[in-house]
**Student:** 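Sharing a structure with you now.
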There are 2 protein chains.
Amino acid sequence: MLTNSSKYALKAVLYLTLHSDENHKLQVKDISEKINIPKAYSGKLLQALAKRNIISSSRGPRGGFYVDEGNKKQTIMAIIDTIDGRKKMDACLLGLDACNEENPCPLHDLFASSRSKMIKVFEETTLDDLVGSLGSKDLFLYK
Amino acid sequence: MLTNSSKYALKAVLYLTLHSDENHKLQVKDISEKINIPKAYSGKLLQALAKRNIISSSRGPRGGFYVDEGNKKQTIMAIIDTIDGRKKMDACLLGLDACNEENPCPLHDLFASSRSKMIKVFEETTLDDLVGSLGSKDLFLYK
DNA sequence: GATAAAATATGACTTAAATCATATTAAGTA
DNA sequence: TACTTAATATGATTTAAGTCATATTTTATC
């Protein structure tokens with residue numbers, strides 16, 4: 001479904017959404033330790049996310065990564081797309097290029113409705129939404 | 001979602017379900033050419049499926065792989081499980097070991113219902129069902 | 001302005017999935 | 001029984017994902 005990379009990216013962005021803002025930037029080291037992923041690897045992912053404006057960053061002393069109000073309008077799908085590429089989500093279960101609604105593979109109809117529901121949720125759910133639904137319980141799992 | 005290997009396996013089994021029986025066995029070469037996957041690779045997958053009795057095989061002259069009536073009771077999930085291992089399907093979207101119904105990760109509830117529906121379909125759909133639903137139209141896509 | 005702290009850019013290394021190759025074993029046929 | 005045909009078992013090679021390392025650039029602060 002998702003590569004390791006986009007799982008990591010999702011975790012990192014969620015962490016930033018909950019624990020950072022313009023005045024509380026976090027460094028790669030802090031983030032990677034908290035969410036239990038290799039530092040150098042998370043650095044790379046965070047850079048890719050910042051370039052696409054999913055998250056924000058600033059260099060130099062007191063710099064770091066953070067999520068501002070604008071970033072919170074980003075969706076889960078935007079994160080996945082940045083790291084894995086959107087196409088993978090739409091791909092035929094059997095990997096058939098020619099498979100689609102009009103020309104479905106034998107598994108297409110079994111799978112299509114679940115998948116499109118899932119994709120819709122990913123496209124429509126923003127970081128704001130996620131944080132909202134968590135309410136006050138900060139606790140979630142990074143392992 | 002699925003590895004390349006299990007996609008190939010699904011294609012191969014579907015092909016066998018439609019085009020083979022005890023009296024019409026197919027060799028690796030025939031199958032791999034028809035479904036457009038590397039011969040040596042499909043050989044390995046077919047062997048694994050035969051060992052688990054998802055499909056049948058016999059050696060020697062006039063031997064080959066085939067799907068008999070018993071094999072047709074096998075499910076899509078059995079194929080996936082043989083090649084990828086069942087666990088992957090149940091795994092948390094974020095890859096969190098500790099994530100479950102009682103202790104859900106932030107994405108859990110967004111994803112859980114689509115996934116369990118999908119899993120249920122995979123577990124309940126047999127090769128018989130698939131062939132039935134195809135009706136007379138043999139045509140499907142191997143590319 | 002000099003210094004230090006941070007992200008950025010780039011590339012190398014490692015591991016697992018995907019792919020290929022082949023020697024061995026079993027079964028049908030002459 | 002010898003020969004041929006096919007799966008089986010095993011392992012080598014290749015490729016892509018995942019991981020790590022570091023030189024460069026930017027920015028705050030003294």
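Order of the sequence lines fixes the chain letters, A, B, ..., with proteins taken first and strands second; residue numbering starts at 1 for each chain.
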**Student:** Quickly work out the Gln47(B) CD to dA26(C) P distance and round it to whole Å.
**Tutor:**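 Rounding to the nearest Å, CD of Gln47(B) and P of dA26(C) are 14 Å apart.
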**Student:** State, without any angle test, whether Ser5(A) and Tyr41(A) hold a side-chain donor-acceptor pair at a distance under 3.5 Å.
**Tutor:**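 Short answer, yes.
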**Student:** Only one of Leu2(A), Ile83(A), Ile80(A) clears side chain to side chain contact (heavy atoms under 4.5 Å, CB included) with Lys7(A); which?
**Tutor:**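 Only one option passes, and that is Leu2(A).
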**Student:** With a 3.5 Å distance limit and no angle check, can you tell me whether Asn103(B) reaches the backbone of Asn100(B) through a side-chain donor-acceptor pair?
**Tutor:**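 Not confirmed, Asn103(B) side chain does not pair with Asn100(B) backbone.
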**Student:** Does Arg62(A) CZ have over 12 foreign heavy atoms under 6.0 Å away?
**Tutor:**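 Counting other residues, nucleotides and ligands, CZ of Arg62(A) stays at 12 neighbours or fewer.
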**Student:** Can you tell me if Ser57(B) touches the phosphate of dT8(D), counting only side-chain N or O atoms and a distance under 4.0 Å to OP1 or OP2?
**Tutor:**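 Answer is yes, contact under 4.0 Å.
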**Student:** Take the protein atom CG of Leu46(A) and the nucleotide atom P of dG18(D), then report the distance between them rounded to whole Å.
**Tutor:**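 Rounded to whole Å, this separation is 16 Å.
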**Student:** Does anything in residues 65-82 of chain B reach DNA chain C, meaning a heavy atom under 4.0 Å, and if so which residues?
**Tutor:**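 Output list: empty, so none.
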**Student:** For Asp30(B), is there an ion pair with Lys34(B) - N to carboxylate O distance below 4.0 angstrom?
**Tutor:**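 Asp30(B) and Lys34(B): not salt-bridged.
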**Student:** With a 3.5 Å distance limit and no angle check, can you tell me whether Ser6(B) reaches the backbone of Ala9(B) through a side-chain donor-acceptor pair?
**Tutor:**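 Such a contact is absent between Ser6(B) side chain and Ala9(B) backbone.
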**Student:** Whole angstrom is fine here: how far is it from CZ in Arg62(A) over to C1' in dT29(D)?
**Tutor:**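 Going from CZ in Arg62(A) over to C1' in dT29(D) covers 11 Å.
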**Student:** What residues form a side-chain contact (heavy atoms from CB on, under 4.5 Å) with Glu124(A), not counting sequence neighbours?
**Tutor:**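 Expected list: Lys120(A).
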**Student:** Measuring only between side-chain heavy atoms, which start at C-beta, is Glu22(A) closer than 4.5 Å to Tyr66(A)?
**Tutor:**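 Yes - at least one pair of side-chain heavy atoms lies under 4.5 Å apart.
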**Student:** When the axes are fitted on five pairs at both termini, how much does the helix from dG1(C)-dC30(D) to dA30(C)-dT1(D) curve, in 10° steps?
**Tutor:**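 The end axes of the helix from dG1(C)-dC30(D) to dA30(C)-dT1(D) are about 0° apart, to the nearest 10°.
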**Student:** Looking at Arg86(A), Lys87(A), Lys88(A), which hits side chain to side chain donor-acceptor pair (under 3.5 Å) with Asp90(A)?
**Tutor:**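 The single option meeting the side chain to side chain donor-acceptor pair (under 3.5 Å) with Asp90(A) is Arg86(A).
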**Student:** Does NZ belonging to Lys39(A) count more than 12 external heavy atoms closer than 6.0 Å?
**Tutor:**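 No, NZ of Lys39(A) has 12 or fewer neighbouring heavy atoms, counting only those of other groups under 6.0 Å.
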**Student:** Near DNA chain D, counting only heavy atoms under 4.0 Å, which residues of residues 26-33 of chain B show up?
**Tutor:**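 Output list: Leu26(B), Gln27(B), Val28(B).
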**Student:** Under 3.5 Å, which donor-acceptor pairs link side chains of residues 105-113 of chain B to any protein atom two or more places apart or in another chain?
**Tutor:**
{"residue": "His108(B)", "atom": "NE2", "partner": "Glu101(B)", "partner atom": "OE1", "Å": "3.2"}
{"residue": "Ser113(B)", "atom": "OG", "partner": "Lys117(A)", "partner atom": "NZ", "Å": "2.8"}

**Student:** Rounded to whole angstrom units, what separation is found between the CG atom of Leu45(B) and the C1' atom of dT8(D)?
**Tutor:**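 Rounded to whole Å, this separation is 14 Å.
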**Student:** List the protein contact pattern of nucleotides 17-25 of chain C with one symbol per nucleotide (5' to 3'): B for base contact, S for sugar-phosphate-only contact, - for none; contact means a heavy-atom distance under 4.0 Å.
**Tutor:** -SBBB---B
**Student:** Just the rounded figure in Å: distance from C1' of dT8(D) to NZ of Lys25(B).
**Tutor:**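 Atom NZ in Lys25(B) sits about 16 Å away from atom C1' in dT8(D).
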**Student:** Under 4.5 Å between any side-chain heavy atoms of Asp129(B) and Thr126(B), yes or no?
**Tutor:**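 A side-chain contact exists here, since the closest heavy-atom pair is under 4.5 Å.
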**Student:** By nearest nucleotide on DNA chain D, pick out whichever of Gly64(B) and Gly60(A) is the more 5' one.
**Tutor:**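 Closest to the 5' end, via its nearest nucleotide, is Gly64(B).
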**Student:** Output yes when a side-chain donor or acceptor of Ser32(A) lies under 3.5 Å from a complementary backbone atom of Lys29(A), and no otherwise.
**Tutor:**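 Such a contact is found between Ser32(A) side chain and Lys29(A) backbone.
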**Student:** Whole angstroms only, please: what is the CD1-P distance between Ile55(A) and dA6(C)?
**Tutor:**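 My rounded result for the distance is 16 Å.
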